[in-house]
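In the text below, chain A, chain B and the rest are named by the order of the sequence lines, each starting its count at 1.
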Amino acid sequence: MYDRTLINSSTPGGTITVIGWVHEVRDLGGLTFLLLRDRSGILQAKFEKENLSQEILSLLDQLYRESVVLLTGEIVEEKRAPNGIELIPKTIEIISLSDPNLPLDPSGKVTSELSTRLDKRCIDLRRPESRSIFEIRSEVQRSIRQHFYDIDCIEINTPKIVATGTEGGTDLFPIAYFGKEAFMNQSPQLFKQLVAGGGIERVFEIGPIFRAEEHNTTRHLNEATSIDFEAAFIDHEMAMEVAEEVISIAYHSVSENCHEQLQMLGIQKLTLPQIPFPRISYTNAIEIANESGDLPEPLNWGDDLSTQAERSIGDIMNSHYFITDWPSEIKPFYIQDQDESPELSKGFDLMHPSMELVSGGQRENRYEFLINALENQGLNPSDFEFYVDMFRYGMPPHSGWGMGADRLVMSMLQLDNVREVVLFPRDRNRLAP
RNA sequence: GCCUCGGUGGUGUAGUGGCCUAUCAUACGACCCUGUCACGGUCGUGACUCGGGUUCAAAUCCCGGCCGAGGCGCCA
């Protein structure tokens, strides 16, 4: 479309064309600086009035911030310019003028509230900070995807529209499906098991999950991205090793490949998590939380960990860590009980000091035990027939986990709201854009 | 679902009954300015979420709606 040069590959000598957004205009009188921004960076263009035609000067006068323009000119070395170079324009072509009343300020002189930024996400993405977050998120997903291929997984896609009611816990969004009752899926759990246990053995999926809970926090969304892993012939211990490797690789890749983006977010050096992560038992976790003195009242064995308990334990651990040996009754029906102590399960959670990142475990692959587990949790096995029935035909032992992709990026970049890492978040109140 | 807090120019804010003809920054306009890098200077433009109530007097107090932020629960 246009024969243009990206700003970060502009070098002195010769005439080039750059296209981008007007980031800022600084009119000093006889001298005007225009900062032009494209996806690669910001370039300073210098307009000296006495050397320019009336035509160029009148075009320059029309340029509000965030207008899209094409500049042709010579790049020259200039010690006084921001990156040591500047553009001496010969022509200006206005491609798209901007309304001067911007809904937010991409140059960052005036801050905007998150809600304003999300309403006008298109403009918000012009802020280098916002763009950096999504470039890093892309690198996280790219590196994780690569790692899954390296450990012999294939990428799968499971249905997001399902007939089955809840697996327990969360509420589902009902949808209209040709006169039948249907829901948006809360997780790929049951399907990925059928695929891994079915014969493909090692699978992963990066996709959306839907939860109809009306929560109001900085770490919950009604549509989130889940990174799911499932493999046959591995136990929960091996699944935990894969989980910590995945996190470690994501951090390393971002640290190596996203220097500028990290810099932009004020992170001089990403602290890399050391694997293996410490493992503590649920019982131990309860003790640590109770001994912290932070809890309004002590937790009893069998209680789920409260938000405060997670934080208190996180403060003490001060790194990623696993919680293992959960009581069977607070883990889902598809998690296998321990052989020696059936009151404990083979489920685990992987925690960042600030929140839960991963939940997983070894699955119950024995038909009779699975039926029992469903009934024990008050669920009707016939509602899950498409699933449990397959366990009659040779289901290997298998394990896996689901990781919150949004939370992974949020905690890596120490952002205070998960919505920062989601382009168009869906929450209790937000359905558009 | 339970609970708390908030809504002032395009954006971000100050202002807790009369001193508000509403502060400051940024933006935009005019003028001055040839090395800015949050350019600077002078002047100007532009706002009290909506409805009802209390009061001599409401941005400010009360009630309701709408919108937003957050805590808990639950989870990823």
Side-chain angles (χ1 to χ4, degrees), chain A residues 23-35 42-52 61 64-66 78-84 86 98-120 123-124 127 166-171 186-189 206-228 243 296 303-311 330-332 349-352 355-360 401-411 416-419 421-422 427-430:
Chain A
H23 192 65
E24 238 183 293
V25 179
R26 296 191 191 121
D27 183 357
L28 273 61
L31 177 65
T32 296
F33 294 111
L34 183 155
L35 303 186
I42 293 174
L43 176 68
Q44 174 166 291
K46 176 176 75 172
F47 295 82
E48 279 182 305
K49 249 170 219 170
E50 59 188 24
N51 300 331
L52 292 169
D61 205 38
Y64 293 115
R65 297 148 80 228
E66 295 309 309
E78 171 54 70
K79 283 199 291 288
R80 291 170 294 184
N83 295 317
E86 63 189 8
S98 171
D99 188 311
N101 284 140
L102 297 169
L104 54 88
D105 173 18
S107 76
K109 273 182 233 164
V110 180
T111 55
S112 304
E113 290 188 349
L114 181 58
S115 129
T116 304
R117 290 170 41 216
L118 293 175
D119 284 341
K120 317 290 177 189
I123 319 292
D124 180 55
R127 298 170 56 246
T166 177
E167 299 162 17
T170 194
D171 286 328
Q186 70 178 93
S187 109
Q189 181 60 35
I206 301 179
I209 56 170
F210 305 91
R211 309 274 164 103
E213 297 285 342
E214 296 190 50
H215 23 50
N216 254 312
T217 77
T218 53
R219 61 192 185 285
H220 289 91
L221 293 167
N222 295 292
E223 177 176 349
T225 300
S226 178
I227 300 169
D228 272 88
D303 289 344
D304 227 322
L305 258 36
S306 63
T307 303
Q308 182 55 253
E310 282 183 5
R311 292 213 182 100
I330 56 172
K331 280 291 170 189
D349 283 0
L350 192 168
M351 314 291 294
H352 179 269
M355 75 191 104
E356 181 180 345
L357 247 35
V358 177
S359 186
W401 42 258
M403 179 182 297
D406 317 293
R407 287 187 175 185
L408 173 61
V409 179
M410 172 193 183
S411 55
D416 56 14
N417 196 313
V418 72
R419 294 164 184 81
V421 309
V422 179
D427 65 30
R428 169 89 174 75
N429 301 308
R430 183 173 293 278

Please classify the nucleic acid contact of [X] as base, sugar-phosphate, or nothing, using heavy-atom distances under 4.0 Å.
X      : result
A/D124 : nothing
A/V418 : nothing
A/D406 : nothing
A/L221 : base
A/T225 : nothing
A/D99  : nothing
A/R311 : sugar-phosphate
A/A405 : nothing
A/S115 : sugar-phosphate
A/K46  : base
A/E86  : base
A/S306 : sugar-phosphate
A/Q189 : nothing

**OP:** Indicate yes or no: at least one non-hydrogen side-chain atom of A/M410 is less than 4.5 angstrom from one of A/L357.
**Re:** no

**OP:** Nearest-nucleotide wise, let me know which of A/T218 and A/V358 is further upstream toward the 5' end of RNA chain B.
**Re:** A/T218

**OP:** Hey, which sits more toward the 5' end of RNA chain B by its nearest nucleotide, A/D427 or A/A224?
**Re:** A/D427

Quantified in whole Å, what is the [atom1] atom distance between nucleotide [N] and nucleotide [M]?
N     : M     : atom1 : answer
B/U23 : B/U8  : C1'   : 11 Å
B/C28 : B/G1  : C1'   : 47 Å
B/U13 : B/A59 : C1'   : 14 Å
B/G17 : B/U60 : C1'   : 6 Å

**OP:** Ignoring hydrogens and angles, answer whether the base of B/G73 and the side-chain atoms of A/Q308 contain a donor-acceptor pair closer than 3.5 Å.
**Re:** no

Subject >> Base B/C74 to side chain A/H220, donor-acceptor N/O within 3.5 Å cut-off >> reply: yes

Whole-Å distance between [N] [atom2] and [X] [atom1]?
X      : N     : atom1 : atom2 : answer
A/E66  : B/C28 : CD    : C1'   : 15 Å
A/L28  : B/G41 : CG    : P     : 13 Å
A/D27  : B/G29 : CG    : C1'   : 13 Å
A/D119 : B/G68 : CG    : C1'   : 10 Å
A/E50  : B/C33 : CD    : C1'   : 14 Å
A/I209 : B/A76 : CD1   : P     : 7 Å
A/N216 : B/G73 : CG    : P     : 14 Å
A/Y64  : B/U45 : OH    : P     : 17 Å

Partner nucleotide, any strand, of [N] [Watson-Crick/G-U, under 3.5 Å]:
N     : value
B/U4  : B/A69
B/G35 : none
B/U13 : none
B/C61 : B/G53
B/C43 : B/G29

Original post:
Which nucleotide sits closest to the side chain of A/N429: B/A76, B/A69, B/C74?
Top reply: B/A69

Subject >> Per A/T217 side chain, nearest of listed nucleotides B/C75, B/G1, B/C72 >> reply: B/C72

**OP:** Ignoring backbone atoms, test whether A/K109 places a side-chain nitrogen or oxygen under 4.0 Å from the OP1 or OP2 oxygen of B/A27.
**Re:** yes

Please list each protein N or O that sits under 3.5 Å from an N or O in nucleotides 7-11 of chain B, with the distance.
{"unit_1": "B/G10", "atom_1": "O2'", "unit_2": "A/L102", "atom_2": "O", "d": "2.8"}
{"unit_1": "B/U11", "atom_1": "O2'", "unit_2": "A/T111", "atom_2": "O", "d": "3.4"}
{"unit_1": "B/U11", "atom_1": "O2'", "unit_2": "A/S112", "atom_2": "OG", "d": "3.1"}

Original post:
Taking only residues two or more places apart in sequence, or in another chain, which ones meet A/Q44 in a side chain to side chain contact (heavy atoms under 4.5 Å, CB included)?
Top reply: A/F33, A/L35, A/A81, A/P82, A/E86

